[in-house]
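Structure record follows, encoded as structure tokens.
The sequence lines fix the lettering, A, B, ..., with proteins before strands; numbering per chain opens at 1. For the numbers below, each heavy atom of this structure counts, side chains included, while hydrogens, waters and symmetry mates do not.
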There are 2 protein chains.
Amino acid sequence: MLNKQDKLDLMFQALADPSRRSMIERLSKGPASVSELAKPLTMSLPAVVQHLQVLEASGLVRSEKVGRVRTCRVDWVALQTAEDWMMDRRRTWELRLDRLGDFLADQTKG
Amino acid sequence: MLNKQDKLDLMFQALADPSRRSMIERLSKGPASVSELAKPLTMSLPAVVQHLQVLEASGLVRSEKVGRVRTCRVDWVALQTAEDWMMDRRRTWELRLDRLGDFLADQTKG
DNA sequence: CTGTTTGTTAAGCATATACTTAAGTATCGC
DNA sequence: GCGATACTTAAGTATATGCTTAACAAACAG
């Protein structure tokens, strides 16, 4: 089984490549086939398929094959996991600032 | 100059490593020195410094050296850039769902 | 059945990443 | 000044990543 840390590794790694992000951008507008995803990119089809494998391994994208066409779509629940990590960090920071503010207010009062 | 895509590459790449994320987690609780960041990690100090360089190159972390101590902190504005990219994708998707909803509603009406 | 479309598999290669150890530099405390 | 502290730099290495081309497979269209 893949723990949460490993999933975050794979997700952020998947998002770290501009071609893969462009694939996700395309998919956020709706499902697409492999060749539709490949069309705007300047690389070979196998390269696109490899990027797709990275995206699927990360959980960010799912796909199913019907006939000879593989249709891909974003898994928004998975993307949420990555967003959550960042929001959690921001929240920790904000809490810290709140406590710091309280402390400074006490100092002023005292 | 580094364009927005390159910055996103570096940020997501920086976030793709569990050691670097743990460093950010530590820093979200407040500034820390290099050796404080190194303490919970099981790697050599130079390795930690290399991770720190990746974080700084990405813009997610800033640091300044005073005397012999380098103090590091998270740049929250930079982290926002990565969050924004994800939220933009989600927003595109939600808009699409809205339009789809409108379309289906029209179909029902007509 | 045959050719075209759509994707898959395999192998190879150049570069990047994530470490390591060893050796150096610059404070700071006494 | 002198030892300890807090990094920093350099060099080397093993594995991972991002491609490529060539060859294969399956499904649909005529």
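Summary for the helix from C/dC1-D/dG30 to C/dC30-D/dG1: the axes at its two ends, each from 5 pairs, differ by 30° when rounded to the nearest 10 degrees.
Contacts between residues 11-37 of chain B and DNA chain D, defined by a heavy-atom separation below 4.0 Å, involve B/S33, B/V34, B/S35, listed by number. Of all the residues in residues 39-56 of chain A, A/M43, A/S44, A/P46, A/A47, A/Q50, A/H51 reach under 4.0 Å from DNA chain D with at least one non-hydrogen atom. For the segment residues 61-72 of chain A, residues with any heavy atom less than 4.0 angstrom from an atom of DNA chain D are, sorted by number, A/G67, A/R68.
More than 12 heavy-atom neighbours from other residues, nucleotides or ligands sit within 6.0 angstrom of CZ on A/R70. Other residues, nucleotides and ligands contribute at most 12 non-hydrogen atoms within 6.0 Å of the CZ atom of A/R62.
Contact annotation: the side chain of B/M23 never approaches that of B/V61 to less than 4.5 Å [non-hydrogen atoms, C-beta and beyond]. Contact check for A/L45 versus A/V34: side-chain heavy atoms found under the 4.5 Å cut-off. A/R21 is not listed as a side-chain neighbour of B/R89, based on a closest heavy-atom distance of 4.5 Å or more. Under the 4.5 Å side-chain criterion, counting only non-hydrogen atoms from C-beta, B/S19 is in contact with B/M43. Side-chain contact between B/P18 and A/D9 is present, with at least one heavy-atom pair separated by less than 4.5 Å. When side chains are defined from C-beta on, B/T92 does not count as touching A/E25, because their heavy atoms never get closer than 4.5 Å.
Using cut-offs of 30° and 60° for the angle between ring planes, the B/F12 and B/W85 rings count as perpendicular.
If you take OG1 on B/T81 and CG on B/D75, they are separated by 8.0 Å, rounding to the nearest 0.5 Å. We find the CG-CG distance between B/L60 and B/L15 to be 5.0 Å, quoted to the nearest 0.5 Å. Atoms CD and OG, from A/Q50 and A/S44 in turn, are 7.5 Å apart once rounded to the nearest 0.5 Å.
Between the side chains of A/Q13 and A/S58, no donor-acceptor pair is found at a separation under 3.5 Å.
Between the B/R20 side chain and the B/A14 main chain, a donor and an acceptor come within less than 3.5 Å of each other.
A ring-ring contact (aromatic ring centres under 6.0 Å, His included) check over residues 42-82 of chain B, counting only residues at least two apart or in different chains, returns the pairs A/W93-B/W76.
Nucleotides of DNA chain C that come within less than 4.0 Å of any heavy atom of chain B span, from the 5' end to the 3' end, C/dA18 to C/dC28.
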